[in-house]
Amino acid sequence: MPFNHKRFASLTSLAMAIIMALAACGNSSGSANSGNAGSDSPAASASSGSSAAETAKEAVPPLSPDNPREFSVLFNYSWFPADNFNGVIPEEITKRLGVTLKPSVVIDNQQLGTLIASGDLPDIIATSDLRSNLSSSELCYDLGGIIEQYGLDPNLIPKMHQASAMSFSQDEGKYYAVLSHFDSTEDWRTLENYNLGAPTIGSLLYRHDLYEQMGSPKMETMDDVINMLLMAKDAFPELTTAVFIPFSTYFEYIRCNLGMGNLGCTFVESASGDWIPYVKHENYKQYMQYIYKLFSAGCIPADNWAWDISTSASMLSQGQAFAAFSGCQGNALAAQIELQRDVDPNAYVYEAPVVGDPDGYYMSDLGFMSTFITKNCKDPAGALQFLAWTLTDEGKKLTQWGREGHEYTLDENGNPTFSKEWNDAYLENTYQEIYNPFFYFGASRVFEAVSRCQDIDEATTPNYPVIRAHFANKPWMSYAIPVEGSDESIIYNNLFANPSGLFFTTEIKMATASSEEEFESIYNSMFEEAEKMGLSTIEAYMKDKINEAKAIYGA
Amino acid sequence: MRRANRRTMEDKVLDAIIFAILAVVFVASVYPFFLAIVLSFNEGLDAQLGGIYLWPRKPTLQNYEQLFKDLSWVKAIGVTAARTVLGSFLTVMFTSVVAYGLSQRELIGRKAYMGVIIFAMYFSGGIIPYYAVLRSLRLLNSFAVYIAPSLLNIFYMLVAISFFQGLPSELNESARIDGAGEIKIFSSIVIPVSLPLIATIAIFTSVGHWNSWYDSAFFIQNDNLRTLAYKLMAVIRRSYVDFNSAAATEAGTRIKATSLSVQLAAMTIAVTPILAVYPFFQRYIIAGTTLGSVKG
């Protein structure tokens with residue numbers, strides 16, 4: 001049989017046609033949404049505009065078990081432990097409000113960007129990134145607009161939250177996000193009513209049992225604390241003297257005591273009250289010299305800059321380190337429990353006292369998580385009511401403390417006492433499976449501090465009462481940070497990004513310098529380099545913006 | 001003859017050097033896997049402290065229990081096995097059919113087809129256009145998204161074209177004289193003599209399918225369709241914190257990252273099956289690595 005060219009060509013062409021169909025860049029218009037949030041693209045929804053207004057004419061059903069609602073939620077944090085809506089707290093949310101969430105958690109930091117570009121957004125997005133991209137009427141609902149259109153309470157979102165959310169909005173005067181963990185200085189003062197707890201800010205945890213063996217050297221100044229660590233280096237050479245959590249709480253304890261606020265304060269308040277880059281603070285050089293001194297004396301290991309969070313944390317809790325630069329809120333107790341269980345039943349972990357300027361304990365905080373309602377959400381008024389509910393006392397207590405009478409009880413002064421099961425779940429790290437307290441879109445750091453510090457014996461945390469009395473949130477600095485994508489943001493990130501910016505990378509070189517001369521040389525050249533990269537430009541920009549923001553916040 | 005085979009001192013020294021170098025290479029290649037397995041059987045906090053080299057210091061099965069008590073891991077193994085078997089089979093079939101067609105010099109428009117294919121191989125549209133294509137094909141959030149996009153692998157297709165062109169043309173001609181059509185020639189003559197090629201494509205495709213997490217992360221929202229590699233990546237990424245975000249302090253102080261031991265247990269679970277299959281394909285892989293490298 002002769003070679004059948006016709007048949008051969010037909011077969012090959014058929015195969016090629018299939019390839020082309022798979023490889024071609026198809027037309028995405030009119031596509032069906034295989035995701036979780038309806039079929040209309042955000043752009044289409046945004047351009048239609050009138051649909052929301054039409055819905056507004058209808059009464060908005062209140063949050064109630066009789067009006068079950070389901071919303072898909074994307075948490076844009078790969079570490080976020082809320083990948084299911086099971087557990088005591090989610091069940092109670094559904095029971096009280098009729099709201100069920102379908103959560104998903106990204107595992108790659110490009111996922112949200114892809115979803116934004118493709119339009120396949122879930123109903124709700126909780127993120128700290130791409131906030132200015134999402135603060136656009138093309139993608140998300142303007143929350144003030146929903147309130148107006150659906151005739152909801154104009155004070156549904158507190159004014160301070162509105163102002164803060166406007167800081168990353170692309171549209172003047174509009175706000176698109178509900179903020180979690182955003183508390184004013186006045187909110188923080190309420191911690192004094194509870195008489196317990198402290199914010200998540202830098203702290204030095206140390207082995208108090210070993211400290212007593214050294215004769216309890218005095219810790220009244222930062223020099224005393226550094227000397228105490230140097231003594232520990234000689235007294236306990238088998239231990240790593242001090243470890244730290246790289247670029248997280250880092251050496252915040254030293255910063256705060258030197259009046260420089262927490263690590264997020266890239267601009268700090270000077271003695272004259274001006275806001276200046278933290279590297280220009282009068283105590284900055286001293287701050288770096290302390291770190292250099294610890295490193296050059298062999299108190300902190302060079303490898304520590306490459307450790308992850310769990311490695312750093314386990315060094316103290318497994319009896320391998322004398323001290324750890326960590327954070328307040330129960331980390332000392334958690335370390336002590338593991339230490340006593342696994343290493344030495346007579347070991348104790350205390351937090352070092354405040355030894356410097358207590359007013360240096362401040363942060364500039366616009367909250368941790370910003371939650372957006374996307375244009376794919378079919379029930380924006382319902383979603384907003386739910387998010388606003390999480391900002392209420394009832395919402396905060398349920399999402400953060402559990403159910404009154406079960407997980408906690410209140411005394412006559414309103415102070416909670418948590419159940420043994422609740423406390424055990426935190427200590428045993430089973431709270432996600434049992435309670436799942438992560439759907440806290442409007443959470444308060446103050447409520448969080450109260451719940452986390454219930455079991456702490458304040459004799460072990462002499463720093464807490466001082467911090468409670470002085471701690472302040474100064475959100476205007478964070479408000480002033482240039483919006484992503486702007487020319488100023490490029491300069492800002494090149495200088496201040498953690499950990500890739502000029503200052504963080506140079507600080508490692510400074511801390512690990514081989515001599516004091518090298519330290520000086522790196523210190524001086526850092527400023528020269530920073531000037532070339534636009535330090536003065538960003539300083540002038542931030543000065544104006546901070547003043548503008550202070551006026552907005554009434555500071 | 002016996003004298004000729006006697007090994008000289010020079011031979012022995014040379015052999016010793018070769019064995020020594022190979023031993024170093026062997027240890028350097030195998031030890032990381034061995035250590036990962038050892039650490040996966042060690043208590044998590046203790047493993048963080050280092051100093052474990054050959055045997056678990058605090059042996060435990062807890063890391064594996066923690067993973068297997070979560071049924072989604074079992075489901076993920078099923079999904080991954082299914083995509084690996086089905087995906088590899090279909091990729092081999094599809095790629096070899098297309099390659100066979102393109103290897104025929106008589107094919108009309110062959111150069112044009114090759115031009116388009118090679119262009120597509122070098123220039124990718126990027127993740128967003130790719131996502132849009134998958135959406136328009138209604139592949140998102142379906143098992144098919146694991147299979148369809150990789151049905152044709154251009155690189156393997158080029159290797160296969162080269163291989164098919166190297167086959168003696170007399171094979172095809174004699175079959176045609178005996179009355180065989182193209183399908184018959186391909187299935188009864190070409191495929192049986194192409195086993196090294198097929199095995200090589202199959203094993204590399206299988207490894208690719210087994211290790212793939214990206215498609216599960218980006219194109220799937222249904223938890224029942226998650227793959228093993230996705231689950232592994234999720235466990236590892238739980239320790240990842242973007243220190244530049246407002247969440248850094250929150251994560252740094254409160255979130256208990258997955259311990260290294262659990263991460264390594266997850267890695268061991270993910271790697272072991274594909275590792276077990278490798279030896280059976282080894283001889284084909286060795287043969288396959290030189291495929292298409294010599295043109296007669």
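Computation of the quantities below employed the complete heavy-atom set of this structure, encompassing side-chain atoms and omitting hydrogens, waters and symmetry-equivalent molecules.
Using a 30° and 60° split on the angle between ring planes, A/Phe438 and A/Tyr431 fall in the tilted class, from 30° to 60°. B/Tyr131 and B/Phe219 have tilted rings, their planes meeting at an angle from 30° to 60° on a 0 to 90° scale.
Proximity to chain B (any heavy atom under 4.5 Å) is shown, for A/Gln110, by both the backbone and the side chain. Only the side chain of A/Gln320 comes within contact range of chain B, with heavy atoms under 4.5 Å apart. Contact of A/Leu263 with chain B is not made at all, since no heavy-atom distance falls under 4.5 Å.
Applying the ring pair (Phe, Tyr, Trp, His ring centres under 6.0 Å) criterion to B/Tyr214, with sequence neighbours excluded, gives B/Phe218.
Across A/Val105, A/Asp83, A/Thr114, the residue that shares the most heavy-atom pairs under 4.5 angstrom with chain B is A/Thr114.
Salt bridge annotation for A/Asp342-B/Lys58: absent, with no cationic side-chain nitrogen under 4.0 angstrom from a carboxylate oxygen.
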